2 protein chains.
Amino acid sequence: MTESELFDEEPDDTHEAIMQATYRALCAHGYADLTIQRIGDEFAKSKSLLYHHYEDKDALLVEFLDFMLENYTETLPRIDHDDAWAELQAVLEYVFSPAADREDDFIVAMVELRAQAAHDETFRAAFTRSDQFIHDQITAIIQSGIDEGVFADVDPNQIAALILMTFTGATTHRSTTEDTDVLTDVHTELQQYLDTRLRRQADQ
Amino acid sequence: MTESELFDEEPDDTHEAIMQATYRALCAHGYADLTIQRIGDEFAKSKSLLYHHYEDKDALLVEFLDFMLENYTETLPRIDHDDAWAELQAVLEYVFSPAADREDDFIVAMVELRAQAAHDETFRAAFTRSDQFIHDQITAIIQSGIDEGVFADVDPNQIAALILMTFTGATTHRSTTEDTDVLTDVHTELQQYLDTRLRRQADQ
């Protein structure tokens, strides 16, 4: 997600201003070098507000993850909700299309944040919520296609699980390897697979 | 990979003994709390050997990643190389079947190591090599099925890319969320997809 997708030009309130400062500091410094001090440097108001509210950077970051989750749907591209296939394509496009430079920094930061979840249960709970949310969103799109009669009568949860796993894989792959061409192959194959599994099987 | 899959009971030489000590220390302490000192605690020989050979823990860990890559094929389950479908199933089983406790610690450590690749190009190069290797292995299995006439005439690289992405996703998902049930769905869906894409389309 880019900054302009996630935030209004002028933050509505102090909380949003803190979240925006966190976003900027995270993109600029990455997780390991992030400090409350550096988030404060991106924050126009008093830094003591930050020290007062948050015990440490991890407490602030978990709140940041929840903020992103709440605002996630607003960042999605505008799509035609009456066309399940177009909607699914738009979500795929959003994940697999080359990211802007600024967004690259953000994806790197998210991969580093996610690794914290491997040994920190608060982070793990936040990523569980976030993955569950994406899983539910994809399931709902597939279910609407089934209801409209344009998709085959599949188990939408199971297909959504596979799509979610390619998203998690692609995000990790993009920032931890030099070979990003492979993501074009994944995108193409995923489209063909979904076309066969959802649309051609519906025609039979 | 479990310790017994990766190492002989008695290490062949000092290098293997260092790699085994690294494996044990990584499982016990995770990446963040790992030190050369702690690797030394798992090492029967002189600790000064470690300090002499390695500048810091990251230098040792990059060598460890390459060691694992070289020994990766030996850890794979014994399979029938004349049956491409059985071979593909065995690889899927290896990735998606529930891991032993000890292996869980190792997967956690690998996810943490991989996050280092987001800001360290030496780690990034190591994970690029390792992903490329897995990608090539899967491509070769699919190609052999095409050559035998049991798989449809598909682009094996493209399908291998999608499978690789689910592996990266699953490894990350397993250690960074609480919801591991979803991996059963991914495994089942991946099997159905490959059955349709490789085998049923070959019958047509």
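None of the values given here were measured: they were computed from a predicted structure. Below, chain A is the first sequence line, B the second, and so on; all start at residue 1.
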(message) Between B:S130, B:A118, B:A115, who has the most heavy-atom pairs with chain A when the cutoff is under 4.5 Å?
(response) B:A118

(request) Kindly indicate whether the side chain of B:L190, heavy atoms from C-beta on, has any atom under 4.5 Å from the side chain of A:L162. (result) yes

(request) Output the distance between atom CZ (A:F127) and atom OG1 (B:T177), rounded to the nearest 0.5 Å. (result) 10.5 Å

(request) Tell me, for A:T196 versus chain B, whether the close heavy atoms (under 4.5 Å) come from the side chain, the backbone, both or neither. (result) side chain

(message) Quick check for you: to the nearest 0.5 Å, what is the distance between B:T168 atom OG1 and A:R174 atom CZ?
(response) 13.5 Å

(request) Give me the contact list for residues 150-158 of chain B versus chain A, heavy atoms only, anything under 4.5 Å, ordered by residue number. (result) B:N157, B:Q158

(message) Report which part of A:L183 has an atom under 4.5 Å of a heavy atom belonging to chain B: side chain, backbone, both, or neither.
(response) side chain

(message) Looking at every non-hydrogen atom in both residues, tell me the closest pair between A:H173 and B:L164 and how far apart they are.
(response) CE1-CD2, 4.3 Å

(message) Using heavy-atom distances under 4.5 Å, tell me whether B:A125 contacts chain A through its side chain, its backbone, both, or neither.
(response) both

(message) If you define the side chain from C-beta out and look only at heavy atoms, does anything of A:R197 sit under 4.5 Å from B:Q192?
(response) yes

(message) Check this for me: B:H53, atom NE2, are more than 12 non-hydrogen atoms of other residues, nucleotides or ligands nearer than 6.0 Å?
(response) no

(request) Working to the nearest 0.5 Å, report the span between CE of B:M165 and NE2 of A:H187. (result) 13.0 Å

(message) Testing the basics here: between B:V186 and A:A161, what is the closest heavy-atom pair and its distance to 0.1 Å?
(response) CG2-O, 3.5 Å

(message) Can you tell me which portion of A:A109 sits under 4.5 Å from chain B's heavy atoms? Options are side chain, backbone, both or neither.
(response) neither

(message) Can you list everything that forms a side chain to side chain donor-acceptor pair (under 3.5 Å) with A:E112? Sequence neighbours excluded, please.
(response) B:H119

(request) For each of A:A160, A:G30, A:A170, A:A32, tally heavy-atom pairs with chain B at distances under 4.5 Å, and name the one with the top tally. (result) A:A170

(request) Quick one: closest heavy-atom pair of A:T172 and B:R114, and the distance? (result) CG2-NE, 3.6 Å

(message) Any non-hydrogen side-chain atom of B:D131 less than 4.5 Å from a side-chain atom of A:D179?
(response) no

(request) Enter the distance from A:Y193:OH to B:L194:CG here, rounded to the nearest 0.5 Å. (result) 10.0 Å

(message) Please classify the contact between A:H135 and chain B as side chain, backbone, both or neither, with a heavy-atom cut-off of under 4.5 Å.
(response) side chain

(message) Applying side chain to side chain contact (heavy atoms under 4.5 Å, CB included) to B:V182 and A:Q132, what does each step give before you reach the verdict?
(response) CA-CA 10 Å; B:V182 76; A:Q132 186 62 55; over 6 Å; no

